[in-house]
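The structure appears right after this line, and notes come after that.
Every number for a ligand or one of its atoms is a count from 1 in the order of the listing.
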Amino acid sequence: MTRPDARTASVRRATSESTVELDLDLDGTGRSHIDTSVPFFDHMLTAFAKHSLTDLTVRASGDTDIDAHHTVEDVSIVLGQAIREALGDKSGISRYGDALVPLDEALAQAVVDISGRPYLVHAGEPAGFEHHLIGGHFTGSLVRHTFEAIAFNAGLTVHVNVLAGRDPHHIAEAEYKAFARAFRQAKSLDPLVQGIPSTKGAL
Ligand SMILES: [Mn+2]
């Protein structure tokens, strides 16, 4: 049964490049069923769900015979759209979140403001990271691209800084986990917040 105030969304998107079906519950426990046909991205979305306490189901297919790019981009767009829809009018949320997450030698910082104003500031990946093929199929440049798509479609201000790291898999994973932890805090319901946490009265 659907909760009356459920912060959930289901988004379907089909183009000539991909088909994406995504269901999300912001007040979940981090359970996920992810099959985007891009294995490393499945690994990252599973980590995002787990560490943001978002229940997430994603089924996607696309022209990965050309490149994983379109499918990864389109799943990220749909994830952003679903987040925006599930947040509703943003009453009672903490709004801001920040996190510092290590993965062995890698260290990433993320700050999220559920602002309604899309903005991404992304820095610190080591030179050449964007050209690395993680797992042989996931281009390092896609990490920033996914944060752009999520931030712009969800209406989030997102800062991600890589503070340390050598292994591309570790760096990418630390970035997604830091984003997840910051988002978890920002979307959380704060019992002290009355209504929408903005002096403008809208986010
Ligand atoms: Mn890993």
Return a table of donor-acceptor pairs under 3.5 angstrom between the side chains of residues 191-203 and protein atoms on other chains or two or more places apart.
| unit_1 | atom_1 | unit_2 | atom_2 | d |
| --- | --- | --- | --- | --- |
| S198 | OG | K200 | N | 3.0 |
| S198 | OG | A202 | O | 3.4 |

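- Of all protein N/O/S atoms, those under 2.8 Å from the Mn ion (ligand 1) are H43 NE2, H169 NE2, E173 OE1, and waters are not counted.
- By the ring pair (Phe, Tyr, Trp, His ring centres under 6.0 Å) test, H69 is found to be paired with H145, residues two or more places apart in sequence or in another chain being considered.
- The pair R59-E21 meets the salt-bridge criterion, since a charged nitrogen lies less than 4.0 angstrom from a carboxylate oxygen.
- L107 and V112 fall into different hydrophobic clusters, where Ile, Leu, Val, Met, Phe, Trp and Tyr residues are linked whenever their side-chain heavy atoms come under 4.5 Å apart, directly or through other members.
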Report task. Would you sort out whether E175 and H122 count as a side-chain hydrogen bond (donor to acceptor under 3.5 Å, both in side chains), showing the intermediate values? Result -> CA-CA 10 Å; E175 291 188 66; H122 180 262; 2.7 Å; yes
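- Shown here are the salt bridge (Lys or Arg N to Asp or Glu O under 4.0 Å) partners of R144, two or more places apart in sequence or in another chain: there are none.
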